[in-house]
Amino acid sequence: MDYLTGLFGLSGKTAVVTGGSRGIGQTVALGLAQAGAAVAILCRSEPEETLTQIAAAGGRAYHIAADVADETAVDAALTEVLRRSGSLDVVFNNAGICIHKPTVEATVDEWKRVLDVNLNGTYIVSRAAGRIMIENGIHGSIINNASMSGTVVNVPQWQCSYNASKAAVLHLTRSLAVEWADYGIRVNSISPGYTATAMSVDTPEELKNAWLPLIPMRRMGRPEELVGAVLYLASGASSYTTGADLIVDGGYVCR
Ligand code: NAP
């Protein structure tokens, strides 16, 4: 056994990355492509930069426009992936949004939108992928991008809709892991801490300064520091791991 390419390689596999137009999804899509997978990027905008990066690295990728909260669009998108690539082996459910607002100031519509993208989107994509995997006898791997906010209430910003959505994603992960174990489909999650992307970098400086002393490693993570965790869960290296959450947060939830 060549442990490097044999265990972590994805050659001949097809991976779907939701929200791959920027941030964590963009970097992980590149990592999956470099590991040998053909990558389908599902997001609303054209992920030009991601496609260019993957092509420059000698990888294969294409875009399918879809809102993860739209069941009809997602079903059509994953059917198109199966038609185009002949398989659907890995799904990285990464599309997500966050709204910082005190609960009494936020609207019910804002609550619903966050739950719709983060939780319902993860459910809708997983359901469509699970169906294809079961029907085609594919022993796939689904990886949900949760958050440390699904385990702890990180402060000082108020984001109860986000925290609740990510806690639900963690239990959805465990529920599907048990339900689909007999089909050879594994379902796991990663829980990033503060990671330098548009979602966290565009936040006000004083908020970021409040975060750093609470992180044992005293810095934010970089998207590329999540690639190893996803490759582990996507590949044969984690063949006996299902229902697990891999926390990548510089030690935040330990305190
Ligand atoms: P980001 O830079 O804001 O990127 C979000 C991605 O999601 C974009 O590609 C966006 O593409 C896509 N997206 C948003 N709504 C969508 C929808 N309805 N349908 C399809 N795609 C949608 O965010 P990020 O920081 O990389 O975060 C990615 C994931 O990591 C999220 O689930 C987030 O909760 C999680 N996370 C982030 C951090 C952090 O500190 N950054 C920490 C923990 C967890 P389009 O706009 O083109 O659709």
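Atoms within each ligand, like the ligands themselves, are counted from 1 in listed order.
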Distance-only polar pair, side chains of [X] and [Y], donor-acceptor under 3.5 Å:
{"X": "Tyr194", "Y": "Asp249", "result": "no"}
{"X": "Ser238", "Y": "Arg186", "result": "yes"}
{"X": "Asn118", "Y": "Ser165", "result": "yes"}

If you look at every heavy atom in [X] and [Y], which pair is closest and at what distance?
{"X": "Ala57", "Y": "Gln34", "value": "CB-NE2, 3.7 Å"}
{"X": "Ile138", "Y": "Ser87", "value": "CD1-OG, 3.8 Å"}
{"X": "Ala244", "Y": "Thr173", "value": "O-CG2, 4.4 Å"}
{"X": "Asp89", "Y": "Gly12", "value": "OD2-O, 4.3 Å"}

Give the residue and atom name of whichever protein heavy atom lies nearest to [atom], and the separation in Å to one decimal.
{"atom": "atom 28 (C) of ligand 1", "value": "Asn94 OD1, 3.2 Å"}
{"atom": "atom 18 (N) of ligand 1", "value": "Asp67 OD1, 2.9 Å"}
{"atom": "atom 25 (O) of ligand 1", "value": "Thr197 OG1, 2.4 Å"}
{"atom": "atom 12 (C) of ligand 1", "value": "Gly19 CA, 3.4 Å"}
{"atom": "atom 34 (O) of ligand 1", "value": "Tyr162 OH, 2.6 Å"}
{"atom": "atom 1 (P) of ligand 1", "value": "Arg22 NE, 3.6 Å"}
{"atom": "atom 15 (N) of ligand 1", "value": "Arg44 NH2, 3.3 Å"}
{"atom": "atom 11 (O) of ligand 1", "value": "Ser21 OG, 3.0 Å"}

Give a yes/no verdict on whether any heavy atom in [X] is under 4.0 Å from an atom of ligand 1.
{"X": "Ser191", "value": "no"}
{"X": "Asn145", "value": "yes"}
{"X": "Lys166", "value": "yes"}
{"X": "Gly193", "value": "yes"}
{"X": "Ala69", "value": "no"}
{"X": "Ala146", "value": "yes"}

Donor-acceptor pairs under 3.5 angstrom involving side-chain atoms of residues 221-236: please list them, not counting sequence neighbours.
from	atom 1	to	atom 2	distance (Å)
Arg222	NH2	Glu225	OE2	3.4
Glu225	OE1	Arg219	NH1	3.0
Glu225	OE1	Arg222	N	2.8
Glu225	OE2	Arg219	NH2	2.8
Tyr232	OH	Thr241	OG1	2.9
Ser235	OG	Leu7	O	3.1
Ser235	OG	Leu231	O	2.7
Ser235	OG	Tyr232	O	3.4
Ser235	OG	Ala237	N	3.3

So does Lys101 pair up with Glu110, basic N to acidic O under 4.0 Å? yes

Is any side-chain N of the basic residue among Asp67 and Arg113 closer than 4.0 Å to the acidic one's carboxylate O? yes

Check each atom of ligand 1 against the heavy atoms of [X] and keep those under 4.0 Å away; list them by number with element.
{"X": "Gly20", "result": "9 (O)"}
{"X": "Thr195", "result": "39 (C), 40 (O), 41 (N)"}
{"X": "Ile24", "result": "26 (O), 30 (O), 37 (C)"}
{"X": "Tyr194", "result": "40 (O)"}
{"X": "Gly23", "result": "2 (O), 26 (O)"}

Just distances here: any N/O of [X] and N/O of ligand 1 closer than 3.5 Å?
{"X": "Pro192", "value": "no"}
{"X": "Ile97", "value": "no"}
{"X": "Ser45", "value": "yes"}

What distance do Thr18 atom OG1 and Leu78 atom CG have between them, rounded to the nearest 0.5 Å? 10.0 Å

Considering Ala95, Ala196, Gly150 one by one, which has a heavy atom nearer to atom 22 (C) of ligand 1 than any of the others? Ala95

Proximity of Arg113 to ligand 1 by residue part, where a heavy atom lies under 4.0 Å: side chain

With a heavy-atom distance limit of 4.0 Å, tell me whether Ala66 approaches ligand 1 through its side chain, its backbone, both, or neither. backbone

In the structure I gave you, are the side-chain heavy atoms of Ile143 and Asn93 within less than 4.5 Å of one another anywhere? no

Just so I know, are the side chains of Leu176 and Arg127 near enough to count as touching, which here means a heavy-atom distance under 4.5 Å? no

Greater than 12 external heavy atoms within 6.0 Å of His100's NE2: yes

Please, which pairs that meet ring-ring contact (aromatic ring centres under 6.0 Å, His included) have at least one residue in residues 117-165, sequence neighbours excluded? none

